[in-house]
Amino acid sequence: MKKLLVMSMIACMAFSMTACGSKEEAPAQAPAEEGAEAPAEETPAPAEDGAEDAAAPASGDKTWIIAMDTVFRPFEFTDENGDFVGIDVDVMKAVAEDQGFNYEIQSLGWDAAVAAVQAGQADGLIAGASITDERKASGWIFSEGYYNATQTFVFPEGTDVSGLDDPFEYLKGKNVAVKNGTAGADFANSLKDEYGFTVTVFEDSPTMYQDVILGNSAACVEDTPIMADSIKVGNLALEIPEGMESDGAPYGFAIMNEANQELLDMFNAGLANIRENGTYDQIIAKYLGE
């Protein structure tokens, strides 16, 4: 009996010690759980701040969309290698490199290029656009001029107007081809009533030239440097008479939304710099030999 009693007491003591151990382990886990949670709450904050800092420069890395004509030699055209080149293309590249901004050219054609900038689908336009009061009044915001050009009447090869006191008299009762929305069209329209000729509008220069070569129109009106280059390179059966050019106006880079003033300011600053360092003269000489 004594032996049995002793054994019972030992069993009770073992059970009592086991129960006490369970109660002591539970509180021991609580600090461990709190300690594990604390870093988990603190760690994400620096990670999120770091992610925002890394993204911040990318948000300011804007690519400006620049609309151009498709065929307006020597200011924009596709060369024999299939590359889009020209005075406007090279000037835009030089200005962007000087000012350190990104841009993308969209070769759209004249009407589509103007419409894209007006609609906000493009940020700026460089396409041999003459700076005129009419365009300014309709919302065009121009840069400083980057090339001065006149507009001239152009006739089929062999047309002689030299014997007339006023060569424009030759056009009486005839038709003149123009390109839509251009300074050349404005020049022709300013004279048509005085000299009694009609005007037909085309969407691009090559089609306009062909209309004259085929005899459908007696003449067309084009920017003088464009026409001289087109006749030379394309061996066109056209010629430029003397004394039938306009007073001329400078070409300008244009925006149509004041929110893009930063782009216009960068163009003006870059243009001044490339004129000063000789890059501009190299571009003009490359295409016009001037």
Please step through salt bridge (Lys or Arg N to Asp or Glu O under 4.0 Å) for the pair Arg135 and Asp186, ending with a clear verdict.
CA-CA 11 Å; Arg135 285 176 177 164; Asp186 292 342; 5.3 Å; no
Apply ring pair (Phe, Tyr, Trp, His ring centres under 6.0 Å) to the pair Phe153 and Phe187, showing each step before the final yes or no.
CA-CA 9 Å; Phe153 280 76; Phe187 184 40; 5.6 Å; yes
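- Ser143 contributes a side-chain N or O that, together with a main-chain N or O of Phe253, makes up a donor-acceptor pair within less than 3.5 Å.
- Counting non-hydrogen atoms of other residues, nucleotides and ligands closer than 6.0 Å to NZ of Lys232 gives a total of 12 or fewer.
- Using a distance-only test at 3.5 Å, with no hydrogens or angles considered, no donor-acceptor pair links the side chain of Asn180 to the main chain of Val201.
- At least one donor-acceptor pair under 3.5 Å links the side chain of Asp88 to the backbone N or O of Gly128.
- Ring geometry for Tyr251 against Phe72 counts as tilted: the plane angle lies between 30° and 60°, on a 0 to 90° scale.
- Ring orientation note: the planes of Phe101 and Tyr103 are nearly perpendicular, at an angle over 60° on the 30°/60° scale.
- At least one donor-acceptor pair closer than 3.5 Å links the side chain of Asp160 to the backbone N or O of Ser162.
- Residues passing the salt bridge (Lys or Arg N to Asp or Glu O under 4.0 Å) test with Asp90 are Lys286, sequence neighbours excluded.
- Between the side chain of Asp166 and the backbone N or O of Phe168 there is at least one donor-acceptor pair closer than 3.5 Å.
- Rounding to the nearest 0.5 Å places CD of Glu157 at 8.0 Å from CG of Leu238.
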Where do Asp229 and Ile226 land on the side chain to side chain contact (heavy atoms under 4.5 Å, CB included) test, with the steps shown first?
CA-CA 5 Å; Asp229 179 82; Ile226 308 303; over 6 Å; no
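- With hydrogens and angles left out, the side-chain atoms of Thr150 and Thr224 include a donor and acceptor closer than 3.5 Å.
- In Gln118, the CD atom is crowded: over 12 heavy atoms of neighbouring residues, nucleotides or ligands sit closer than 6.0 Å.
- Scanning for salt bridge (Lys or Arg N to Asp or Glu O under 4.0 Å) contacts around Asp98 gives an empty result, with sequence neighbours left out.
- You'll find the side chain of Met92 stays beyond 4.5 Å of the side chain of Trp64, heavy atoms only.
- No side-chain donor-acceptor contact under 3.5 Å links Asn257 to the backbone of Asn260.
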Begin from the C-alpha positions of Glu222 and Ser205 and carry the test side-chain hydrogen bond (donor to acceptor under 3.5 Å, both in side chains) through to its verdict.
CA-CA 8 Å; Glu222 181 66 285; Ser205 295; 2.8 Å; yes
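- A centroid separation of 6.0 Å or more is found between the aromatic rings of Tyr146 and Tyr280.
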